Structures are given as structure tokens and as C-alpha cells.
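What follows is a set of notes on a single structure, which appears directly below.
All figures in this text were calculated on a predicted structure; none of them were measured in a lab. The first residue in the sequence is number 1, and the count goes up from there.
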Amino acid sequence: MSSHALCSPESVCRLHLRQAARRQARLTAPKVQRVPCTSLCIAAAAPERTAVSSSGVQPAALEKLELSELTAVSPLDGRYGRSSHPLRRIFSEYGLIRARVAVEVRWLQQLAAIPQVTEVPPFSAEANALLDALADSFSVADAQEVKAVERTTNHDVKAVEYVLKQRFAAQPELAAVLEFTHFACTSEDINNLSHGLMLQEALQQHVLPAMDGVIAEVARLAGEYADVPMLCRTHGQTATPSTMGKEMAVFAYRLQRQRNQVAAVPLLGKMAGAVGNYNAAMSAYPDVDWQAVAEGFVARLGLQFNPYVTQIEPHDYIAELFNAVVRFNTILIDFDRDMWSYISLGYFRQRTIAGEVGSSTMPHKVNPIDFENSEGNLGLANALLEHLAAKLPISRWQRDLTDSTVLRNLGVGIGHSLLSYSSTLRGISKLQLDEARLHQDLDASWEVLAEPIQTVMRRYGVPEPYEKLKAFTRGQRVTQESMQSFVAGLTDLPKAARAELAQLSPWTYVGNAAQQAKALRQHLGQAK
């Protein structure tokens, strides 16, 4: 019996039509190359699963969480938002728009100051006041207006231009020169100068003061503990003593040098058009020395002019700057780890804070969390900064767009750096030196006097001094009594030399460590 025998003629017809349509669809469908499916493909192909409430109703979409300390994806804006919030004014989307507005406004004022550009006559005090207010007081609400326009233009710099034109239209002088907004500029003329201004503000207001704060505190430790003897360790083993202050001075001096190199990096800028040759500007006003105009304009923004560019300022200076910050951070990692180790040895105790918990299960714990937090954030900062330093100087031909998305992360590495500096300072503020513990370590390490004794023996021609001290000390338990007994038996030495060696102890054998620590301020001044 046919499968259609029980069907009406109408239903059979409809069935045949559906089958014919499916066959036609298979014949006309484009052939797709089959490739192994990944988990992402499977996830994309799987039907969306929506949670079902107790009432059996499926919500139409997931709840949209408003941005807050609890919902931010980045810990810089979430957990650490209270520490990093000053950078929002500089490195946020609002900060970038604010800087772009300042550059666009100042460029229009620059055009009004060029005699040959007669179409833009010098502005009145009223017009300049409006322009200055836009450049100096651009608000978040103003930036939101730019973002609204950008949803139509799909171009961030052009959106700034359009919003400024709307503002200018209300002032007759500015309304007359609307089309000189963004005149002869490429977007990167505006962007590179904006990035320079953002970095300049961050360095002057936040980064350099924070670095100075760290250096000042480490230098304070150097002065405070200049005379406190300490057993050194090389390769993790007991070594010639120093003082705690001198070891702090080493870090202060190293940090100061790198801080100075950060401050010395020139922040460059350009205003040279689409490929760096002032083509558009010269086509409109060939009698204007546009390179000289650009050089003066960049300098008035507080940046240094780069005469050789393509569509972009090549970003080499950003690489130089971030590499210098990385070196400062790397030295601070070294400091954090040493302080962690000194705490572990018991050289420092940490002040306890009422209500603070060190461990969820071990009530006695007072962990060096500030130095650990600093080290972790410094590592993250360096990874980001090193990537930007390696990526940004590379751009295909006269420009590709790979720098654009990377440059939006200028503030992230700086943010993690500043978090680290604060953590290190917090860790230092909790330190209490345990001099008795340092003395105990020294008193258990009389073998470190083998170095000066064999050196004096060399002076007076005693044969094989190194070998004799090696045999006496290496792998042996050396005490004050056994060492003084050894010295008393050095009859080949003059009596006065033996008397001087007999007065040596691990806590007096520190060379000029104390003097070095006390001279730190002088050397920091020279480093500047």
C-alpha cells in the first residue's frame, strides 16, 4: 500500500510540494567545506539555554549589570577602583576625548594666529574665552554627547569635530569658520598629541610623585638603619656583613636613577597631515611654512616636535618611556622580594592592624601581603608595558591600525604600577626592625671573619692563608672562642696585627657600610 493511501488528495499534494521544496533547497545550497569543529563552533551552534525561574517563565535576556566596584571586569576599576580612580580623568574614554577636544580647539586658535590664513581672522576675547572653556572644562556629559554622535559616524575623531562645530555655531565668529575645525588634519594628528598630553599629565601628577614617594621612604630606611649591622647572604648563604641602612641605600640609588630616566624621556608630537608631508595644508596655503607652524604648535602644548613622521608619530618615545618605567618596576620587585625575605628571617616584624586577618585558618599569621601585592601588580604592569613598548614602534608602511586598540591601554600598565607603589609604601609603614634578631644571626656566623683574617695574613706573607682558613671554617661550626683561638695561634703575624684581628666581630666587620648609608642624600642629589 502506498504511504499516501490514507491521505486525502489535498494533503498528498501539500506533502509533495514540501518534499520538492526541500530537494530544491539542497540542490541550490552553496557547498560548504567541512572542517573539524571546535568547542567554540559547538557553543555557537548550540541553542541558547535560558535559566527557568521557579514560576516556569524563561527570562528574555540576562540581567544587564551596571558598572560598579562589584561588576567591573578589570580589577583596576573594581577592587582597586578607590586607588586607581585619579587615572580615570586621564586614561578613560572620557580622558581621551577631553584631550582630543583640547588639541582641536588649540589648533583652530593656531590657525587664527597665522597671518596668511585670512579666512580665519584673529579671534575676539569673547570667542577665545569660549574656546578656552571648551578646552579646559570639557565634562563627562560633553563627552557623552560625542559618543552619541559617534554611534552615527562610527568614527571617534570625526565625532569630536562634529560636536565642536555644533558648539561653535552658537558664536558668530566661530560659526563663520566652522570648516576650519580639524583643518588639514588627519585623525592621528589629533590622537598623537592627545596621547602625549595624557602621558604628560599622568607623569607629572601621579607617576613621578609616586616614584618619589617610594624613593623617599627607602632612603629614610637607609638613614634610620645606617649603623645597624646585618649578616649578608650571597647565594642564600652567610656572607660578609653590611648594615641594613646600606642595603636600603642600594635600592634608593637604583630607583632614583631609573626615576630620572623616566622623567628625561621627551614626549614627542607631530601635526604633519596624512603621511607626514603637510600635503593638504600646503595645497591650500602654499606660502605658509607649515612645518614651522607645526613645530611651534607642538611646543606650545608642552611636547617636543618630531620632524620625521608618517601618518603617525612613530611612538618610539612611548617605548622609551615604558621601558624606563619597567626598569624602575623591576628594581622595586627586587626590593619587595628582599623585604619579604627579611621579614621571613625575622629581621623585620610587622605592625598589626586591629581587625585585620592574616589567614582564614591560622590565627597567628601576619603575612607580608603588601610586598606580595606590590610584586604581583608590578609583574602585571611590566607585562603590559613591555608589550606596548615592543608593539607600538611597528606600523606597516605609512600606517596600519594595530596601534589604535593598543594605545587605548596606555593607562593600564601605569595603573598597576601605581597600585604597586602604594602597596610597597604600605608595607614599609608596617615595618619594625628587630635588632636583637639581626645580632643573633651575626653571633651565629663567626665564620664570616675568615675573609679579613686571610686577607691580613696575605699582607704579612703568611703562606697559604686562604687554604688554612678554608680548612678551619668550611663545613665547620665556628664560634667566637674557636675563631679567637685560631687568631691567637697566628704567630707569623705581628703582635699588633693579631690584637686587631682579635677585636674583630661579625657586627663590627661592616667596612664603610654605615658611611655609605649616611652619604646617600648627597649621591641622590647627584643622580638628579
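The environment of OH in Tyr162 is sparse: at most 12 heavy-atom neighbours from other residues, nucleotides or ligands sit within 6.0 Å. More than 12 heavy atoms of other residues, nucleotides or ligands shown are found within 6.0 angstrom of CD on Glu224. More than 12 non-hydrogen atoms from other residues, nucleotides or ligands lie less than 6.0 angstrom from CZ of Arg220.
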Set out, in order, the CA-CA distance, both residues' side-chain angles and the distance that settles side-chain contact (heavy atoms from CB on, under 4.5 Å) for Arg88 and Asp77, then state yes or no. CA-CA 9 Å; Arg88 293 176 186 169; Asp77 290 312; 3.5 Å; yes
Dump the intermediate steps for side-chain contact (heavy atoms from CB on, under 4.5 Å) on Ile97 and Tyr94, then the final yes or no. CA-CA 5 Å; Ile97 294 172; Tyr94 158 67; 5.6 Å; no
Chi angles and distances behind the side-chain contact (heavy atoms from CB on, under 4.5 Å) call for Leu174, Leu131: CA-CA 9 Å; Leu174 301 178; Leu131 291 171; 4.0 Å; yes
Under the criterion side-chain contact (heavy atoms from CB on, under 4.5 Å), I'd like the reasoning laid out for Leu203 against Leu267: C-alpha separation, chi angles, the key distance, then a yes or no. CA-CA 11 Å; Leu203 286 169; Leu267 308 182; 4.2 Å; yes
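For the atom pair CG of Leu108 and CZ of Phe123, the computed distance is 4.0 Å after rounding to the nearest 0.5 Å. To the nearest 0.5 Å, atoms CG (Asp400) and CD (Gln311) are separated by 10.0 Å. Here the straight-line distance linking atom CG of Asn277 with atom OG1 of Thr310 works out to 9.5 Å at 0.5 Å rounding. Taking CD of Glu217 as the start and CZ of Phe251 as the end, the distance is 16.0 Å to the nearest 0.5 Å. For the atom pair CG of Leu410 and OG of Ser194, the computed distance is 11.0 Å after rounding to the nearest 0.5 Å. Taken to the nearest 0.5 Å, the CD atom of Gln171 stands 9.5 Å off from the CG atom of Asn128.
Minimum interatomic distance between Ile318 and Leu199 (heavy atoms only, all atoms of both residues): CG1-CD1, 4.0 Å. For the pair Tyr278 and Met271, the tightest heavy-atom approach, listed with the atom from each and the gap, is CE2-O, 3.3 Å. Across Leu87 and Gly411, no two heavy atoms sit closer than the pair CD1-O, 4.2 Å. The two atoms that bring Phe297 and Leu193 nearest to each other are CE2-CD1, 3.7 Å, heavy atoms only. Nearest heavy-atom pair, Pro314 versus Val309, reported as atom, atom and distance to 0.1 Å: CD-CG1, 4.0 Å. For the pair Ala249 and Ala517, the tightest heavy-atom approach, listed with the atom from each and the gap, is CB-CA, 4.2 Å.
Between Lys165 and Glu179 there is a salt bridge, since at least one side-chain N of the basic residue sits less than 4.0 Å from a carboxylate O of the acidic one. Using a 4.0 Å cut-off between charged nitrogen and carboxylate oxygen, Glu104 and Arg100 do not count as a salt-bridge pair.
Inspection of the Gln109 and Arg106 side chains reveals an N or O donor paired with an N or O acceptor under 3.5 Å. With no hydrogens or angles considered, a side-chain donor-acceptor pair links Asn191 and Glu188 at under 3.5 Å. Asp287 and Gln116 are not linked by any side-chain donor-acceptor pair at a separation below 3.5 angstrom, with hydrogens and angles left out of the test. Asn373 and Asn377 are linked by a side-chain donor-acceptor pair at a separation below 3.5 angstrom, with hydrogens and angles left out of the test. With hydrogens and angles left out, the side-chain atoms of Thr424 and Ser374 include a donor and acceptor closer than 3.5 Å. Using modelled atom types and a 3.5 Å distance limit, the side chains of Ser423 and Arg426 yield a donor-acceptor pair.
Under the side-chain contact (heavy atoms from CB on, under 4.5 Å) criterion, Ala141 pairs with Ser139, Gln144, not counting sequence neighbours. Not counting sequence neighbours, the partners of Ala148 by the side-chain contact (heavy atoms from CB on, under 4.5 Å) test are Arg151.
His315 contributes a side-chain N or O that, together with a main-chain N or O of Glu313, makes up a donor-acceptor pair within less than 3.5 Å. Listed for the Arg79 side chain is no donor-acceptor partner under 3.5 Å among the backbone atoms of Glu69. In terms of modelled atom types and a separation under 3.5 Å, the side chain of Gln200 and the main chain of Gly302 share a donor-acceptor contact.
No side-chain heavy atom of Thr71 sits less than 4.5 Å from a side-chain heavy atom of Glu66. In this structure, the side chains of Phe305 and Leu268 stay at 4.5 Å or more apart for every pair of heavy atoms. Looking at Gln304 and Tyr317, their side chains never come closer than 4.5 Å, going by heavy atoms from C-beta outward. Considering only heavy atoms from C-beta on, Ser83 stays 4.5 Å or farther from Leu418 through its side chain. Considering only heavy atoms from C-beta on, Asp336 stays 4.5 Å or farther from Glu372 through its side chain. For the pair Thr186 and Asp189, the minimum side-chain heavy-atom distance is below 4.5 Å. Counting only heavy atoms from C-beta outward, the side chains of Cys185 and Ile190 approach each other to under 4.5 Å. Side chains of Val412 and Phe91 form no contact here, defined as non-hydrogen atoms less than 4.5 Å apart.
Between Phe328 and the options Phe335, Tyr421, Phe322, a ring-ring contact (aromatic ring centres under 6.0 Å, His included) holds for only Tyr421.
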List, one per line, each side-chain donor-acceptor pair under 3.5 Å for residues 379-393, sequence neighbours excluded.
from, atom 1, to, atom 2, distance (Å)
Asn382, OD1, Asn329, ND2, 3.0
Asn382, ND2, Thr330, OG1, 3.3
Lys391, NZ, Ile394, O, 2.7
Lys391, NZ, Thr402, OG1, 3.0

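By the 30° and 60° cut-offs, the orientation of the rings of Trp290 relative to Trp107 is tilted.
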